[in-house]
> 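Next up is a structure, given as C-alpha cells.
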Amino acid sequence: MKRAISLLLSLIMLFSVVSWNGTAALAASTKTYCIAMTPKITDAVYSYLDTVYVQKYPELGKDFLFGSEADKKVLKKLAAYIVKGCKTDKEKAIAISKWAKRNIKYVSYNDSKGTSYFPIDVFYSRRGNCLGYGLFISQMLRLVGVVAVFCSGLRGNMQSVISLKDKLNGTIDGHAWVMVSYNGTWNLFDPLFDVYGNSDKSYISKWYFTDLMEGVSPYYKGMSFKYVNGNMGVFYINGRFMHYVGGMPASRYYGFSASPGTSLNDCVPFFGYSKYMHESGYGGDGFNYVYSSKSKEKMLNDELYSGDWITYGGSLFAHARSNGIVYGCTIDSVDDKTLFMPFCGGPLELQGSSSDYTLTEGYVTYKKGTTFKAPVPVWYQTEINNGRVIKWGSETPELATIDKKGNITTHKEGLATLYVCSKDTLNGDTHYLFDFIQIYVSAKSRVPKYNDVCYNYVTKTSNHSSVKTTLTEN
C-alpha cells in the first residue's frame, strides 16, 4: 500500500514496519525460551497500563483513534446494540468480543489482500485478521466507556516452543489482542483463541510476548532491548516517553536526529516526534508546542512531544496524545479547522466538518463522479497570501484529476494520489513546498447494517451458532 510521507520529514524519520500475519504453527527450538523474559515483560505491561492509562492519563483508554465523527457514530450505534442489557464493563467486553467472533470472518494475513484493519472497514466488510480484530474490539469498547488498549507482539508457547533466538530473528508471525480494565485489574481478550478476560499473569507469560501497547513498548530495569520490538521504539522510562534504539537514546545510536514510529502492516500508524538538540547547541528538531505550557527546554533529547498540538517549521504539523503517539488516519479539529491527519506527515484541511466524511483504508473518501475543492496542506493559505505560485497535479489521472484552481474530479474507484506545490515562480526553484494529497474514490456509498447476530451476555444466548474461527493452540 502506498503511503506518502512529507518530503520535509523523510530525511529525519525512521520507522519500523511490522507484519501481523496471524498466528501460525511454530517449529520447536532447543534454545533459551521466551519464558526467560515474558514474566518480567508481563509485569512491565501491567505496571505501564496502570501508571499511564489509569493513574496519569485516564482519557487515553477511552480515546477513539481512527476515523471520522460519521464513522464513530456508525460504530457507536453498533456498540450500543451489542451491549444492550449489560450492566458491567466485564459484560460489555465479553459481549463485544463474542460479537466480533461470531460476525467478523477471520482471514489470515496471506489471504487478506484487500482487507483493511481499521474498525470502520472491518465493520463494513465483516472481515479481518488479528490486527483487525484487536483494533475493532478496543475501539468498540471505548465507545461504550470501557477502558481498552490494543496490544501486539507474539502468541505461542513461550515455555517450550518459541525461543529468544526465534524472537530475535523475527521469523515468528505476529499477533494482536486487547487488554481491558475492569474489577481493578487488566484482563486479556483474544477471541481468536477463545480468551475472554484472562488476568492470570502466569498464563499470559506462557502464551504472550508483548512488543507494543498502542505504539509504546514495555520496559523494565535491566531488560535486554534487542528482544523487544526489533530493538527499537518508544519506551516509558522514568516517567518520560523516550525513543530508544539498541538500548540507548536514538540520537546517540544514530549520531543524528531520528523520530520514532511503528507501522503495522504498512497501514496502521503509531508514530511520534522527539526532541533533538546537538550538544553544541546548534541545530534542532524544528518542533514546538502550540498550546501547552510545557517547555521543550525541559525535555531530554529523544523524548517525545506529548499532550498537545505541535508545529514544524512554524506550521501546524501533528497532534500528539499524552503517550507521545500522534493521531493518524483520522479527522481532527483545531481553531475551527477540520483537519485530516494522514498516515504520516502534516495535516490536510477539509471543507465542512468531520461528520461530513468517512474514511476507507485510512483515507478520506469521495464518491466517483464528483467534483470538489481539494484538501490542502496547512501551509497553503500562507503561501497564497505571500504571492507564491501554486501548482497542482495527479499521479493517478485514471482515478482522479485536478485543475489549475485545485478542483478534484473523481473518475474510478481506488486510491488516488495527487499533489500540490508552492513556488516563487512557475519554473523557479528558490522556494519550494510540496505535499501529496491521497484520497479514496468510492464507486458507491457504504450502508451500515445492524441485523447480525447479537450475543446476549445476560441470557448467554444468541440466535444462531458461532462461526468457527478459533485458531489452534501452539
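Nothing here was measured: the structure is a model prediction, and the numbers come from that model.
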> Please list all pairs meeting salt bridge (Lys or Arg N to Asp or Glu O under 4.0 Å) that have one or both residues in residues 136-151, counting only residues at least two apart or in different chains.
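Qualifying pairs: R142-E214.
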> If you draw the axis of the six-membered ring of F209, does the NZ or CZ of R155 fall within 45° of it and under 6.0 Å from the ring centre?
no
> Under 3.5 Å, is there a donor-acceptor pair between the side chain of S354 and the main chain of E69?
yes
> Taking the side chain from D166 and the backbone from I162, do they hold a donor-acceptor pair closer than 3.5 Å?
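Between the backbone of I162 and the side chain of D166 there is no qualifying donor-acceptor contact (under 3.5 Å).
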> With sequence neighbours excluded, give me every ring pair (Phe, Tyr, Trp, His ring centres under 6.0 Å) pair touching residues 212-231.
Y219-F225, F225-F235, F225-Y244
> Under 4.0 Å between a side-chain nitrogen and a carboxylate oxygen: does that hold for K275 and D302?
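Between D302 and K275 there is no salt bridge, as every charged N stays at least 4.0 Å from the carboxylate O atoms.
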> Is the side chain of S138 donor-acceptor paired with the backbone N or O of L135 at a distance under 3.5 Å, no angle test?
yes
> Please check if any side-chain donor atom of D200 sits under 3.5 Å from a side-chain acceptor atom of S202, or the reverse.
yes
> Test of understanding: with salt bridge (Lys or Arg N to Asp or Glu O under 4.0 Å), list the residues that count as partners of E303, not counting sequence neighbours.
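Scan of E303 (salt bridge (Lys or Arg N to Asp or Glu O under 4.0 Å), adjacent residues dropped) gives R240.
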> Quick test of your reading: applying salt bridge (Lys or Arg N to Asp or Glu O under 4.0 Å), list the pairs with at least one residue in residues 177-187, sequence neighbours left out, ordered by first then second residue.
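Checked against salt bridge (Lys or Arg N to Asp or Glu O under 4.0 Å) - neighbours excluded - no pair reaches residues 177-187.
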> Quick one: OG1 on T42 to CE on M37, what's the gap to the nearest 0.5 Å?
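Answer rounded to 0.5 Å: 10.5 Å.
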> How far apart are the closest heavy atoms of L75 and F136, and which atoms are they?
CD2-CE1, 4.3 Å
> Applying salt bridge (Lys or Arg N to Asp or Glu O under 4.0 Å), can you list everything that pairs with D121, at least two apart in sequence or on another chain?
R446
> Any side-chain donor paired with an acceptor under 3.5 Å for H319 and D308?
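No, D308 and H319 have no side-chain donor paired with an acceptor closer than 3.5 Å.
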> Could you list all the salt bridge (Lys or Arg N to Asp or Glu O under 4.0 Å) pairs where at least one residue sits in residues 215-225, not counting sequence neighbours?
none
> Could you give the distance from CG (D211) to OG (S152), rounded to the nearest 0.5 Å?
6.5 Å
> For D194 and K98: C-alpha separation, side-chain torsions, deciding distance, then whether salt bridge (Lys or Arg N to Asp or Glu O under 4.0 Å) applies.
CA-CA 9 Å; D194 284 332; K98 292 206 169 186; over 6 Å; no
> Report yes or no: is the cationic atom of R126 (NZ for Lys, CZ for Arg) closer than 6.0 Å to the six-membered ring centre of Y124, at no more than 45° off its axis?
no
> Ring centres of Y208 and W177 under 6.0 Å apart?
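Judged by ring-centre distance (under 6.0 Å), Y208 and W177 do meet the cut-off.
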